[in-house]
A.B. asks: 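Pasting in a structure now, in structure tokens, and then I'll have a few things to ask.
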Amino acid sequence: MKTTVIGILGTRLDHQGLGKRRWHHWRPSMSLLMHPQFPVDEFVLLHQAAEQELAALTMHDMHELSPTTRVHNYLVEYADPWDFQAVYSELYKFAQHYPFEPETTNYYVHITTGTHVAQICLFLLTEANYIPAKLLQTAPSKAGVQGSYHLIDLDLSRYDQIASRFAKEAQEGISYLKGGIATRNRAFNHLIEQLEQVSIRSAAPILLTGATGVGKSQLAKRIFALKKQRGQISGELVEVNCATLRGDNAMSALFGHVKGAFTGALTPRNGLLREAHRGLLFLDEIGELGLDEQAMLLRAIEEKVFTPFGSDQAVTSDFQLIAGTNRDLFTAVTAGEFREDLLARINLWTYQLPSLKQRIEDFEPNLDYELQQFAHKIGHKVSFNQAAREHYLSFAHSAAALWRANFRDLNSSVTRMATLAQGGRITETLVADEIQRLSHDWRSFQPQEPRQAMELLQSLVSAEVLAYTDYFDQIQLVEVLRVCQTSKSLADAGRKLFDKSRLQRSSQNDSHRLRIYLQKFGLTFEQTQGMINTQ
């Protein structure tokens, strides 16, 4: 196994004058090459542009001291060596691009030199295995310029307290991605747990799929904030809805243009991809992009270069992509509307976000979240009285609640009730009005026959009763009401409805059986007849 040391040039400790006296002083980077029991095959020296002269001298001395050691320099570009985010981003970039070969090489990270910020960043990157190495510490000694060295054990599985910190950090990241909402849906929680790991360990594209309103945009923003917080990216979040991009405007908006590229292009434009340099680009509704734009986007993802509209000079942008769509992109590929090679590139990490109906057990914590957000916005608390909350939750879980726009429907619903809440209290009356409004809106999207059935129910049965009536019972009740509407009397309707069971009874009191059934829903036979008369 080869031995490779990675270290930062020490502007003070490695600088012991430029004359011959420097050989009589302990220099940390040089000292590592003076231990016969620790032969170094390769040394990677990290330094800034302003330290070029010292770096060249140090590398010269290293070669003179140990001709068999291959010494390489790597330029890091941070203006302020005490800016944690800048330093971490540069060292993280080094860790991403350096061709590590842990199967054939033992790596050691020298953390004696550099600012304390740089040493901490190297420690974190090594600890998280972004740099697959052991830590190496050197120190002066009375033995002379050789000094001493020590290896630091980073097998954290041996230290329960340290290991627990990582578990806590992961849980904090998961909670952040969920917006602090204590979700209960097992599949959704598993999705977020994996997405938290992918967000901080990978810079590859992420594809978020799901119906409109399931939270793709919000999740993309939280992924960006989490990566920014962890020092994964230093740039900005750039968002664009691809459904708004058409023709020349699409090319120009994404990739920029040069002056005169098309009619009206009076000034040059950078484009959104360049604005996302070192940051995150969120392309919502990526399935709406044209095929030409898809081809250029693929090149930009794979090679980090693209050509602005009207230009013959390529430009660069190093960004991470998150794409969102409510379309089935595989079907779009089959239809010739989406490039198969682009789908293959962005399909590495794909997450299907479930609808609100599919994770209805998360409705209550999301309801509380929406109330908190509204209170934060207007500056005072809004809450349900107990009966109103129970009524609203019962309706929300019923088959009648479609939640077609998912969390957007929930947000709009809470906003309406909270705005109208006198004294900050949402009452049963407000809930009843809101249920009626939601039901009306959702009915408009239903096919004609189910819509008429729902209108029949709502015209005869109170919203309070429907909120507690199972969908199974609602379907049955609709058919009973239709039979009543077309029958001359209660007895006539009973004979039609109980046509089999009445033959097995000694007493055929069909009218009584039907009357009892209707009473369960607060109805009488006469009310069903009134429905006919009013039509």
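Only a predicted model underlies this, so the values are computations on that prediction, with no experimental measurement involved.
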A.B. asks: Can we say Asp433 and Arg437 salt-bridge, meaning some charged N sits less than 4.0 Å from an Asp/Glu carboxylate O?
C.D. replies: no
A.B. asks: State whether a side-chain donor-acceptor pair under 3.5 Å links Arg425 with Ser383.
C.D. replies: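 There is such a pair (donor and acceptor under 3.5 Å, judged by atom type) between the side chains of Arg425 and Ser383.
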A.B. asks: Establish, for the pair Arg513 and Phe498, whether the NZ or CZ atom is under 6.0 angstrom from the six-membered ring centre and no further than 45 degrees off its axis.
C.D. replies: yes
A.B. asks: For a side-chain contact (heavy atoms from CB on, under 4.5 Å) with Glu285, tell me which candidate from Leu245, Asn326, Thr244 qualifies.
C.D. replies: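 Running side-chain contact (heavy atoms from CB on, under 4.5 Å) over Leu245, Asn326, Thr244 with Glu285 returns exactly one hit, Asn326.
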A.B. asks: Which residue pairs satisfy the salt bridge (Lys or Arg N to Asp or Glu O under 4.0 Å) criterion with at least one member in residues 207-229, sequence neighbours excluded?
C.D. replies: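 Listed once each, the pairs are Lys228-Glu236.
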A.B. asks: For Thr331, check side-chain contact (heavy atoms from CB on, under 4.5 Å) against everything at least two apart and list the hits.
C.D. replies: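 With sequence neighbours excluded, Thr331 shows a side-chain contact (heavy atoms from CB on, under 4.5 Å) to Asp328, given in chain and number order.
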A.B. asks: Phe306 ring centre to Arg299 NZ or CZ under 6.0 Å, with the angle to the axis within 45°?
C.D. replies: no
A.B. asks: Decide if atom CZ of Phe330 counts as having more than 12 heavy atoms of other residues, nucleotides or ligands within a radius under 6.0 Å.
C.D. replies: no
A.B. asks: When you check the side-chain N and O atoms of Glu390 and Gln386, is any donor under 3.5 Å from an acceptor?
C.D. replies: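 Yes.
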A.B. asks: May I ask you to decide if the ring planes of Phe363 and Tyr392 are parallel, tilted or perpendicular, using 30° and 60° as cut-offs?
C.D. replies: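 Ring orientation, 0 to 90° scale: tilted.
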A.B. asks: Quick one: closest heavy-atom pair of Ala332 and Arg327, and the distance?
C.D. replies: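 Of all heavy-atom pairs spanning Ala332 and Arg327, the closest is CB-NH2, 3.7 Å.
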A.B. asks: Under the side chain to side chain contact (heavy atoms under 4.5 Å, CB included) rule, what do Ile233 and Phe224 come out as? Steps first, then yes or no, please.
C.D. replies: CA-CA 8 Å; Ile233 51 180; Phe224 166 76; 3.4 Å; yes
